[in-house]
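Structure record follows, encoded as structure tokens.
Here is the naming used below: chain letters follow the sequence lines, and residue numbers restart at 1 for every chain.
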Protein chains: 4
Amino acid sequence: MRADAARNRALLLAAAEAAFAEHGLDVSVADIAQRAGIGKGTVFRHFPTKEDLLAEVMLDRVHALTGTGERLLTAEDPGAALLEFLTLAADRQQQHDLSVLRDAPAVNERLAGARIRMFGLIDALVDRAREAGAIRTDVTGTDVALLMCAPGHVAAFAPHGGPDLWRRYLAIIFDGLRPEGARPLPVRAPSLG
Amino acid sequence: MRADAARNRALLLAAAEAAFAEHGLDVSVADIAQRAGIGKGTVFRHFPTKEDLLAEVMLDRVHALTGTGERLLTAEDPGAALLEFLTLAADRQQQHDLSVLRDAPAVNERLAGARIRMFGLIDALVDRAREAGAIRTDVTGTDVALLMCAPGHVAAFAPHGGPDLWRRYLAIIFDGLRPEGARPLPVRAPSLG
Amino acid sequence: MRADAARNRALLLAAAEAAFAEHGLDVSVADIAQRAGIGKGTVFRHFPTKEDLLAEVMLDRVHALTGTGERLLTAEDPGAALLEFLTLAADRQQQHDLSVLRDAPAVNERLAGARIRMFGLIDALVDRAREAGAIRTDVTGTDVALLMCAPGHVAAFAPHGGPDLWRRYLAIIFDGLRPEGARPLPVRAPSLG
Amino acid sequence: MRADAARNRALLLAAAEAAFAEHGLDVSVADIAQRAGIGKGTVFRHFPTKEDLLAEVMLDRVHALTGTGERLLTAEDPGAALLEFLTLAADRQQQHDLSVLRDAPAVNERLAGARIRMFGLIDALVDRAREAGAIRTDVTGTDVALLMCAPGHVAAFAPHGGPDLWRRYLAIIFDGLRPEGARPLPVRAPSLG
DNA sequence: TATGAATGAGCATTCATTCAT
DNA sequence: TATGAATGAATGCTCATTCAT
């Protein structure tokens with residue numbers, strides 16, 4: 001890839017990430033292009049559809065998170081490792097949520113694969129934490145995968161919240177996973193098929 | 001208001017609530033009008049903009065929730081009362097989230113007022129629960145108001161989740177509020193000004 | 001239909017007919033709308049896609065032609081009747097050709113039906129003419145249906161041709177159908193499946 | 001011109017001819033370039049606009065046809081020679097029509113020149129045939145030049161027609177030129193100015 | 001010189017909103 | 001008053017053409 005094309009691609013992805021984060025999926029491609037300082041047509045040269053651009057943005061997030069998270073599999077304290085992973089996740093996700101992942105399989109094979117890999121990682125982290133007695137026994141990896149975005153989402157509701165507010169809600173939610181005094185959860189855990 | 005106008009208004013609000021719930025904010029006014037069995041122009045006669053229509057739908061939800069919730073202020077068990085309120089909230093909210101409320105002041109004075117009233121109620125319920133030792137001491141009403149939508153939002157992520165899945169995540173989050181073994185929360189609680 | 005809507009629809013169809021005739025299928029909907037003196041959105045209110053608009057234009061042509069042509073089925077002189085039909089066809093078609101009809105079935109059920117009816121008419125006219133000895137025996141209705149547009153198309157080639165030039169080429173082509181001195185045609189006649 | 005440039009030019013023209021024939025004038029330059037196995041920029045190095053590329057393709061066709069046709073000027077049977085020329089023309093033109101020639105003067109001086117030369121040839125062939133009594137007296141070279149594309153065009157209408165169907169319509173049209181029993185043509189013959 | 005990256009005008013289509021009936 | 005016709009700005013996307021590498 002030519003140097004200038006690579007530069008434009010990077011500018012584009014950065015602009016897209018910021019734009020999706022600020023305005024959600026409804027930002028126009030034209031806006032993203034302008035933010036990136038490139039022409040509209042250039043966006044489509046790099047990504048054939050807007051959806052593909054979004055998928056790439058998500059893919060980058062998911063890859064980075066999974067890569068970092070996999071190192072936590074060998075951490076000494078499984079409970080702390082899980083919390084660390086959720087902290088990383090919420091930090092990255094602070095800007096915009098992962099809800100696109102729900103429809104990942106329909107969007108893009110690579111994104112679907114990245115999702116599977118990340119969910120596998122989460123399952124492993126949760127299993128280790130459960131076996132170590134750090135979290136309640138009736139919580140599954142899928143539960144945690146679903147809860148993962150909640151801190152950022154909750155914090156986004158607060159109009160005057162600082163950029164670290166999500167830490168507060170992650171603490172509450174993670175406390176909800178602790179085993180002491182936990183009563184059995186209602187409703188069966190979902191699968192992520 | 002003439003009888004038929006009132007009837008149309010009711011049809012319209014019901015249709016809008018259902019439509020927003022099913023398809024999010026992107027439903028077209030034309031779809032809503034068709035669902036309601038009225039003309040598109042009639043929608044704009046009742047509400048000058050689509051946003052105003054949405055505000056009214058939210059207003060109804062908030063009013064109903066607040067009305068029911070206020071009866072819980074005199075319940076015997078303040079902890080159970082708070083849980084009951086959150087259950088009511090998540091149940092109603094199961095269909096579509098309250099994120100519009102974040103921008104309520106900019107949208108509509110009445111909606112802003114309803115929000116203030118609901119947040120006052122939540123503050124009171126939380127205060128009672130805290131004083132009764134049912135929840136951790138460092139949680140505020142604002143925290144709970146922000147967390148209120150999380151169960152529905154988290155459950156909406158699960159592609160194969162049943163309609164009651166939110167109960168599972170409400171249980172986890174509510175357990176995160178219990179006082180036993182809770183460590184102090186990081187980051188200051190936000191204000192909702 | 002409201003009076004103003006009907007007026008706009010008529011303006012639109014007239015503008016579309018003229019525009020398609022002058023510039024082929026590549027005229028933009030915006031151009032057609034401007035020609036008609038209506039807004040772009042109005043075009044799509046009347047016809048959901050550009051293709052549907054084109055189909056309607058064609059449908060009008062085909063209906064008018066078939067309606068007029070069916071009266072010729074009872075004319076005294078079958079050869080003259082066929083020539084008269086081809087004259088009508090070329091006259092109408094002078095402006096733009098019927099090639100859309102080739103793909104009619106894929107476009108629109110009504111258009112497909114109109115095509116079938118017109119081809120039935122042509123078959124009947126040709127059969128009568130053949131039985132009367134007015135045209136060569138090895139020419140089919142399908143041949144004539146295909147040849148029908150040729151005079152207009154040929155005349156359109158001449159940059160300085162007058163508006164009646166097609167008559168000259170219709171005369172030549174019709175003379176090619178006469179039985180006297182005709183040698184058997186090569187290649188089997190096609191079907192119009 | 002360097003050898004590789006000449007090779008690219010040849011590849012490009014062959015690809016363009018095939019592409020225009022298959023998909024009409026709407027093929028994109030990118031498609032043509034890919035077919036030719038060269039870069040898009042190279043196309044524009046050889047031909048400043050897409051129209052110029054098309055003109056060159058046409059020029060080749062016209063040159064080849066004229067070159068072959070000029071040998072027919074000395075054939076023994078002038079009527080058979082004209083038919084042979086029209087057969088050659090339709091065969092070449094089977095793939096895509098010569099309608100671009102109508103606007104040749106505006107497009108390209110060389111193309112305009114080629115057209116003049118070809119029309120001169122046609123005039124000569126027609127004159128010989130007329131003098132030999134092989135065709136009706138009131139048909140001009142211009143008439144034949146205009147009719148030349150009709151067989152291919154008519155055959156292209158038939159969705160299920162074989163690749164030789166044009167022969168059938170050439171036979172009919174050529175029969176329309178025969179002198180026996182011909183009635184005088186209406187409308188003056190056009191000039192091709 | 002050849003390449004393909006970049007560009008932006010142009011296209012069909014949607015939709016909130018206005019307005020004539 | 002209720003309707004739905006009309007409107008045009010905005011959107012995702014294509015493509016001939018230009019230009020940096």
Side-chain angles (χ1 to χ4, degrees), chain A residues 1-9 12 26-34 36-53, chain B residues 1-5 7-8 12 26-34 37-53, chain C residues 1-9 12 26-34 36-53, chain D residues 1-2 4-5 8 12 26-34 37-53:
Chain A
M1 180 177 296
R2 265 165 49 176
D4 55 347
R7 197 179 114 269
N8 276 344
R9 200 190 131 102
L12 170 55
D26 286 346
V27 260
S28 75
V29 173
D31 278 359
I32 295 175
Q34 196 170 23
I38 65 180
K40 214 177 1 167
T42 308
V43 176
F44 289 99
R45 149 164 288 280
H46 285 280
F47 301 97
T49 68
K50 184 186 179 182
E51 194 176 38
D52 288 324
L53 170 58
Chain B
M1 181 179 294
R2 274 168 38 177
D4 55 346
R7 200 178 116 269
N8 275 348
L12 170 55
D26 286 345
V27 261
S28 73
V29 173
D31 277 0
I32 295 175
Q34 195 172 25
I38 66 179
K40 219 177 359 171
T42 310
V43 175
F44 287 96
R45 163 167 300 278
H46 285 281
F47 301 98
T49 69
K50 186 184 179 182
E51 195 176 38
D52 289 321
L53 171 58
Chain C
M1 180 177 295
R2 265 165 48 177
D4 55 347
R7 199 180 113 268
N8 276 344
R9 199 188 131 101
L12 169 54
D26 286 345
V27 261
S28 74
V29 172
D31 279 0
I32 295 175
Q34 196 169 23
I38 65 180
K40 214 174 6 167
T42 308
V43 176
F44 289 96
R45 148 164 288 280
H46 285 280
F47 301 97
T49 69
K50 184 185 179 182
E51 196 176 37
D52 288 324
L53 170 58
Chain D
M1 182 178 296
R2 276 167 37 178
D4 54 347
N8 275 347
L12 171 54
D26 286 346
V27 263
S28 72
V29 172
D31 277 1
I32 295 174
Q34 195 172 26
I38 65 178
K40 222 178 355 172
T42 310
V43 176
F44 286 95
R45 165 166 299 280
H46 285 282
F47 302 97
T49 69
K50 186 185 180 182
E51 194 177 38
D52 288 322
L53 170 58

Structure string for DNA chain F in dot-bracket form, Watson-Crick and G-U at under 3.5 Å, | interchain: .||||||||||||||||||||
N/O (side chain, D:His46) to phosphate O (OP1/OP2, E:dT1) under 4.0 Å: no
Touch class at under 4.0 angstrom, heavy-atom based, for A:Val43 against every strand present: nothing
Results of side chain to side chain contact (heavy atoms under 4.5 Å, CB included) for A:Asp52 - residues two or more places apart only: A:Phe47, A:Pro48, A:Thr49, A:Asn108
5' precedence on DNA chain F between C:Gly37 and B:Gly37 (nearest-nucleotide basis): B:Gly37
Rounded distance (nearest 0.5 Å) linking atom CD of A:Gln34 with atom OG of A:Ser28: 8.5 Å
Distance, rounded to the nearest Å, where D:Ile32 contributes CD1 and E:dG4 contributes P: 16 Å
Between CD1 on residue C:Ile38 and CZ on residue C:Arg9, distance to nearest 0.5 Å: 11.0 Å
C:Leu12 vs C:Ile32 side-chain heavy atoms within contact, under 4.5 Å: yes
Separation of atom CD1 in D:Ile38 from atom P in E:dT3, rounded to whole Å: 7 Å
Closest to the D:Ser28 side chain, choosing from F:dA16, F:dG12, E:dA2: F:dA16
For nucleotides 17-21 of chain F, print each protein N/O atom paired with a nucleotide N/O atom at under 3.5 Å, atom names and distance only.
{"from": "F:dT17", "atom 1": "OP2", "to": "D:Lys50", "atom 2": "N", "distance (Å)": "2.9"}
{"from": "F:dT17", "atom 1": "O4", "to": "D:Lys40", "atom 2": "NZ", "distance (Å)": "3.3"}

Whole angstrom value for the distance that separates P of F:dT1 from CG of B:Asn8: 12 Å
Between E:dA6 (P) and A:Arg9 (CZ): distance, integer Å: 11 Å
Rounded distance in Å - CG (A:Asp26) to P (E:dA16): 12 Å
Nearest atoms (heavy-atom pairs only) where D:His46 meets D:Ala5: CE1-O, 3.4 Å
Between C1' of F:dT14 and CG of D:Asp31, the distance in whole Å: 11 Å
Contact under 4.0 Å: B:Thr42 side-chain N or O vs F:dT3 OP1/OP2: yes
Side chain C:Lys50, main chain C:Val27, donor-acceptor under 3.5 Å: yes
Side-chain touch C:Leu53/C:Phe44, heavy atoms, less than 4.5 angstrom: no
Interatomic spacing from OG1 in A:Thr42 to CG in A:Asp4 - rounded to 0.5 Å: 10.0 Å
Nearest-Å distance for atom pair CG/P, residues B:Leu53 and E:dC15: 16 Å
Spacing between A:Phe47 atom CZ and E:dA6 atom C1', to the nearest angstrom: 15 Å
